[in-house]
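Right, one structure below, let's go through it.
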Number of protein chains: 2
Amino acid sequence: MWGMQPMSPAPDDAVSPGQAALARTDPRLPLHARLREVIAERVRAGEWAPDQPLPAESTLVAYYDVSLGTIRRAFRDLVEEGLLERRQGSGTFVRRASLTASLFRFFRFGTAGDGFPQSRILSIARQVGTQTITSALGLEAGSEVLHLHRLRLYEEKPVLVEDIWLPLPLFEPMERIGQDDLGDLLYPLYERTCGQIVAAATEELTVDVATAGDALLLQCARHDPVVVIDRVARSHDATPLEYRRSRGLARTFRYRIDLR
Amino acid sequence: MWGMQPMSPAPDDAVSPGQAALARTDPRLPLHARLREVIAERVRAGEWAPDQPLPAESTLVAYYDVSLGTIRRAFRDLVEEGLLERRQGSGTFVRRASLTASLFRFFRFGTAGDGFPQSRILSIARQVGTQTITSALGLEAGSEVLHLHRLRLYEEKPVLVEDIWLPLPLFEPMERIGQDDLGDLLYPLYERTCGQIVAAATEELTVDVATAGDALLLQCARHDPVVVIDRVARSHDATPLEYRRSRGLARTFRYRIDLR
DNA sequence: AAGTGGTCTAGACCACCAC
DNA sequence: TGGTGGTCTAGACCACTTG
């Protein structure tokens with residue numbers, strides 16, 4: 001057998017939709033890679049919510065007509081890729097982004113207290129996106145976006161100044177959110193109000209010097225070094241959902257990396 | 001059977017040394033994890049040189065008395081961990097560190113030319129290690145170390161100033177190396193002259209402002225922002241081999257990270 | 001108790017590499 | 001040509017989670 005579907009009418013049964021989907025993938029690839037693609041496609045299409053289990057291994061074995069080991073290999077690769085997570089006894093689930101690895105974690109704060117970072121929204125308004133903004137969000141030049149300006153504090157002391165831009169047809173509900181509902185965590189809010197789930201992000205770190213505005217908000221001197229973090233957050237199907245630019249005092253920044 | 005070795009005298013044969021080594025590991029762990037530990041230990045002990053293949057799967061199946069799938073799982077995890085690499089048709093090998101992911105890659109240079117970075121050794125001398133240096137290298141306070149001072153350039157323009165400290169009984173041959181032999185790549189030189197293989201490194205990135213010395217060597221103004229990279233390089237058995245501090249112009253620095 | 005993923009085994013054929 | 005790792009299958013039992 002072995003990765004081949006009989007193209008002539010099978011004597012016993014018609015091909016299942018699963019086998020048909022597999023047949024549409026590149027036949028030069030190993031079966032586990034083709035299976036992985038098919039499943040990843042279904043996940044990205046939003047077929048399963050993050051809290052709902054995917055079909056069990058045994059179900060998929062029958063549906064795609066592959067062996068258990070092949071299903072497990074595909075799942076293992078998808079877990080490694082970060083798309084799925086598996087819990088013994090419960091099932092296989094679409095993974096929410098945790099984003100705990102964010103560069104934001106690498107700002108050391110005055111005391112080693114375990115308090116939560118706080119947020120203060122300074123303004124929220126529509127604007128016409130600049131070239132930088134629209135190209136980061138994959139929009140046409142001149143598109144309207146929603147702009148949030150906020151300050152992040154830790155134990156009452158300012159740590160980061162953030163500008164956040166959201167594509168507008170999609171994030172209209174955010175405009176009508178009261179200041180009080182704009183808590184510390186934006187991503188769960190995006191999911192609740194706009195049904196948009198942040199699955200991944202790319203951050204880029206550079207160093208600049210403080211502008212007059214930075215100096216005022218971060219309580220530092222002009223021309224003090226600041227770290228700039230540019231982030232583009234995306235959904236599972238890679239649609240840009242948010243463009244964010246954060247500026248923080250370089251003096252409090254420290255980043256570690258392990259090389260092999 | 002199943003992860004159990006008969007403790008009473010077996011009727012057919014004595015246990016092999018491989019089975020004995022497995023028996024010494026934590027029996028609560030899955031067999032593939034125990035096997036992985038045993039093999040990692042042999043690699044770290046230096047049993048195989050980086051260019052010499054490990055025993056074939058089939059050999060290890062007999063030696064450890066486990067199934068092929070279990071060997072493959074252990075190998076796969078060790079590849080993922082970065083200790084081994086596998087080449088179809090050739091064998092399984094101990095991996096040399098490439099360290100191409102080094103933060104040095106993240107300095108943008110004036111032109112997008114594909115020239116190689118160059119090095120210029122400014123000095124090389126013994127010194128008594130400071131507390132920072134000896135603790136980074138895991139030496140006793142007051143130990144002697146070898147200090148290299150060098151400048152890294154790209155297309156004739158200075159990019160990084162580096163201070164490098166090496167533990168001294170181990171790296172004595174480096175002291176007698178002529179300036180001409182101190183080419184661009186230090187790690188192959190360590191292997192050739194001192195038999196020390198760098199397998200991993202930890203880097204820590206912070207931001208500072210240029211000292212008078214930085215300004216002179218990097219051709220910038222005092223108090224310009226600089227990026228500081230602290231690196232500790234280690235052998236496969238985690239012995240610190242090198243402590244290095246690099247300083248480069250923050251203006252030319254850019255770092256990207258993908259979050260999931 | 002039922003269902004899920006996790007571990008382990010055994011055996012087959014394929015694709016690649018070096019001699 | 002012989003040996004290596006890569007893919008695929010089939011089937012067993014274990015450990016965990018949920019009801």
Side-chain angles (χ1 to χ4, degrees), chain A residues 1-6 18-19 22-23 25-39 43 48 51-80 83-95, chain B residues 1-6 18-19 22-23 25-39 43 48 51-80 83-95:
Chain A
M1 295 297 135
W2 246 94
M4 293 291 296
Q5 271 74 42
Q19 292 165 51
L22 262 184
T25 59
D26 188 340
R28 294 167 304 180
L29 262 42
L31 189 49
H32 65 79
R34 302 168 65 187
L35 185 57
R36 170 186 165 164
E37 257 182 45
V38 168
I39 295 174
V43 169
W48 300 284
D51 295 314
Q52 174 191 11
L54 269 65
E57 292 176 340
S58 55
T59 309
L60 294 172
V61 161
Y63 185 72
Y64 289 112
D65 189 29
V66 297
S67 97
L68 180 62
T70 305
I71 293 276
R72 294 186 61 75
R73 170 71 189 264
F75 271 176
R76 185 182 164 152
D77 287 347
L78 288 169
V79 166
E80 213 166 290
L83 201 63
L84 300 181
E85 64 188 11
R86 312 196 75 185
R87 293 196 285 273
Q88 184 174 162
S90 318
T92 303
F93 300 84
V94 176
R95 196 173 145 281
Chain B
M1 293 297 134
W2 245 94
M4 293 290 296
Q5 272 72 40
Q19 292 164 50
L22 262 183
T25 59
D26 189 341
R28 293 168 302 180
L29 263 42
L31 188 50
H32 65 79
R34 302 168 67 188
L35 184 57
R36 170 187 165 164
E37 259 182 44
V38 168
I39 295 173
V43 169
W48 300 284
D51 295 315
Q52 174 191 9
L54 269 65
E57 293 176 340
S58 55
T59 309
L60 294 172
V61 161
Y63 185 72
Y64 289 111
D65 190 29
V66 296
S67 96
L68 180 62
T70 305
I71 294 275
R72 294 184 60 75
R73 170 70 189 264
F75 270 177
R76 183 181 166 155
D77 287 347
L78 288 169
V79 167
E80 211 166 292
L83 201 62
L84 301 180
E85 62 187 12
R86 313 196 75 186
R87 293 197 285 274
Q88 184 175 160
S90 313
T92 303
F93 301 84
V94 176
R95 192 171 148 284

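Chain letters run A, B, ... following the sequence lines, proteins first and then strands; every chain starts at 1. When reading the values below, keep in mind they use all heavy atoms of this one structure, side chains included, and skip hydrogens, waters and symmetry mates.
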> Please give, in whole Å, the distance from dT7(C) P to Glu57(A) CD?
Replying inline: 11 Å

>> With a 3.5 Å limit on both atom pairs, tell me what dC19(C) is paired to, counting Watson-Crick and G-U wobble, or say none.
In response: none

> Is the closest side-chain heavy-atom distance between Pro55(B) and Trp48(B) below 4.5 Å?
Replying inline: yes

> Is Leu22(A) close to Leu31(A) at the side-chain level, that is, under 4.5 Å between some pair of heavy atoms?
Replying inline: yes

>> Under 4.0 Å, counting only non-hydrogen atoms across every strand here, what does Arg72(A) touch: a base, just sugar-phosphate, or nothing?
In response: base

>> Without decimals, in angstroms, what is the distance between Leu60(B) CG and dT9(C) P?
In response: 14 Å

> Of all the nucleotides listed (dG5(C), dC8(D), dC8(C)), which has the minimum atom distance to the side chain of Pro30(B)?
Replying inline: dC8(C)

> Taking all non-hydrogen atoms of both residues, which atom of Val61(B) and which atom of Ser67(B) are closest, and how far apart?
Replying inline: CG2-C, 4.1 Å

> Any salt bridge between Arg76(A) and Glu85(A), counting N to O under 4.0 Å?
Replying inline: no

> Taking only N and O in the side chain of Thr70(B), is any of them less than 4.0 Å away from OP1 or OP2 of dT7(C)?
Replying inline: no

>> With rounding to the nearest 0.5 angstrom, report the OH to CD1 distance, Tyr64(A) to Ile39(A).
In response: 5.5 Å

Between N or O atoms, less than 3.5 Å apart, protein on one side and nucleotides 17-19 of chain C on the other: list the pairs.
from    : atom 1 : to       : atom 2 : distance (Å)
dC17(C) : O3'    : Ser90(B) : OG     : 3.4

> Roughly how many Å is it from CZ in Phe75(A) to P in dG5(C), rounded to a whole number?
Replying inline: 7 Å

>> Whole angstroms only, please: what is the CD1-C1' distance between Ile71(A) and dT4(C)?
In response: 14 Å

> dG5(D) P sits how many Å from Glu85(B) CD, rounded?
Replying inline: 13 Å

> Just how far, in rounded Å, is P of dA15(C) from CZ of Arg28(A)?
Replying inline: 14 Å

> Side-chain N or O of Thr92(A) less than 4.0 angstrom from OP1 or OP2 on dT4(C)?
Replying inline: no

> How close or far is atom P of dA15(C) from atom CZ of Arg86(B), stated in whole angstroms?
Replying inline: 18 Å

> Closest to the Leu31(A) side chain: dC8(D), dA12(C), dG5(D)?
Replying inline: dC8(D)

>> If you compare all heavy atoms of Thr25(B) against all heavy atoms of Glu37(B), which two are closest, and at what distance to 0.1 Å?
In response: CG2-OE1, 4.2 Å

> Can a salt bridge be assigned to the pair Arg86(B) and Glu57(B) using a cut-off of 4.0 Å between side-chain N and carboxylate O?
Replying inline: yes

> Of the candidate nucleotides dT4(D), dA10(D), dT9(C), which contains the atom at the shortest distance from the side chain of Ala56(B)?
Replying inline: dT4(D)

> Given that Arg73(A) and Gly91(B) both sit by DNA chain D, which one's nearest nucleotide is further toward the 5' end?
Replying inline: Gly91(B)

